[in-house]
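Written out below as structure tokens is the structure these notes cover.
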Amino acid sequence: MERWKVEKGSSERKIIYEEYAQKHKMKTLNIEAIESKLVDTIFNRKIIYEQVVSSTNIIAKEIALKGYPEGTIVIAETQIAGRGRLGRKWESPSGTGIWLSLILRPDIMPVQAPFITLITALSITKALNEVMGLSPGIKWPNDIIYNNLKVCGILTEMDAQTDKVNFVIVGIGINVNNDLEDFQTDIRYKATSLKEVKGKRVSREKLIIGVLKSFEQIYDKALSCGIDERFKRRILDEYIKYSITIGNRVKVIGIKGEKEGRAVDVTGEGELVIITSDGKEEIINSGEVSVRGINGYI
Ligand code: ADP
């Protein structure tokens, strides 16, 4: 979970390159088809659709600051400054993936917000299962993995005061119809797309609807009970069932260095619990670290 430090006077600006879109003959999403299936959800008629943006999270944050309501969605065909956690680059080849951000205004404490990342990961995993019959895994905290390759990433950011969340932006990037050549070489060895996995093109519209419906179902329940302890445990148990991190040895890379241990649990605040080789339990906060397998990325 990353927290914005700059609230006002941000130089981040929405960038739309219409010429760029035309030149690259971008494929477009059928937004009406998506909207027609979301009328009974919090996402009803709230889609903002652009060809090219800096990053959907940046646009979502800008309009959230202007007061746009919960359930607003920003979708773009490409992002030229898509981001992962810790300011890392997120590649968003045009017209191929799902690059979208949700504005949420949950009535929760800031400390509960990382739980929304877990809910999102779980709901995408379930949607991939239900819509496409796939069984992906979740790499703590925010990546969806198939065959040891990253097919989706989530970036949750929040704007909050000490005891109140103003809004949360959930950024979702899913590689859908990308060919591996669409990616820069350094991430080809760790990324895949649903087209690669299924061997054929996949309907982005169908998947967006599936993901949003799956998300709303869990999010609704989460809010109606104030993310209480029983709900948390149930979601965590489900999350852990899909986790490819829990039960495995991991390397945790932080600002202060690296440590190794066995990942054993996820807490109600979305932290990872590891047992280090000297038997000590350590709680790892997702905002500060990268987690890797002992011998590689996963
Ligand atoms: P990490 O998984 O490395 O801990 P993040 O969750 O922040 O970090 O994801 C960002 C990383 O994901 C980038 O550094 C890059 O290696 C990789 N990446 C960037 N774009 C994509 C993409 N479209 N698909 C899969 N992986 C990507």
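Every number for a ligand or one of its atoms is a count from 1 in the order of the listing.
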Run the side-chain donor-acceptor check on residues 118-139: report pairs under 3.5 Å with partners two or more places apart or on a different chain.
residue: T120; atom: OG1; partner: I116; partner atom: O; Å: 2.6
residue: S123; atom: OG; partner: I119; partner atom: O; Å: 2.9
residue: S123; atom: OG; partner: T120; partner atom: O; Å: 3.0
residue: T125; atom: OG1; partner: A121; partner atom: O; Å: 2.6
residue: K126; atom: NZ; partner: E238; partner atom: OE2; Å: 2.7
residue: N129; atom: ND2; partner: L134; partner atom: O; Å: 2.9
residue: K139; atom: NZ; partner: V291; partner atom: O; Å: 3.2

Which residue and atom name correspond to the protein heavy atom nearest [atom], and how close is it?
{"atom": "atom 19 (C) of ligand 1", "result": "K89 O, 3.3 Å"}
{"atom": "atom 24 (N) of ligand 1", "result": "N175 ND2, 2.9 Å"}
{"atom": "atom 16 (O) of ligand 1", "result": "K190 NZ, 2.8 Å"}
{"atom": "atom 15 (C) of ligand 1", "result": "I187 CG2, 3.6 Å"}
{"atom": "atom 6 (O) of ligand 1", "result": "N142 ND2, 3.1 Å"}
{"atom": "atom 20 (N) of ligand 1", "result": "E91 N, 2.8 Å"}
{"atom": "atom 14 (O) of ligand 1", "result": "R88 CD, 3.4 Å"}

Ligand 1 versus R292: contacting region, heavy-atom distance under 4.0 Å: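 The answer is the side chain.
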Which segment of D143 sits under 4.0 Å of ligand 1 when only heavy atoms are counted: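 The part of D143 near ligand 1 is the side chain, not the backbone.
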Sidechain N-carboxylate O distance under 4.0 Å for [X], [Y]:
{"X": "R88", "Y": "D186", "value": "no"}
{"X": "D159", "Y": "K61", "value": "no"}
{"X": "E282", "Y": "K259", "value": "yes"}
{"X": "E260", "Y": "R292", "value": "no"}
{"X": "K232", "Y": "D228", "value": "no"}

Any N or O of W99 closer than 3.5 Å to N or O of ligand 1: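 No, since none of the N or O atoms of W99 sits under 3.5 Å from an N or O of ligand 1.
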Nearest option to atom 12 (O) of ligand 1, as decided by whichever heavy atom of K150, Q79, R85 sits closest: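 Nearest heavy atom to atom 12 (O) of ligand 1 lies in K150.
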K139 to ligand 1, any heavy atom closer than 4.0 Å: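 Yes, K139 has a heavy atom closer than 4.0 Å to ligand 1.
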Side chain proximity check, V165 to M109, heavy atoms < 4.5 angstrom: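 V165 does not reach M109 side chain to side chain.
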Y219 and E70, any side-chain heavy atoms less than 4.5 Å apart: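 In short, these two side chains touch, coming nearer than 4.5 Å.
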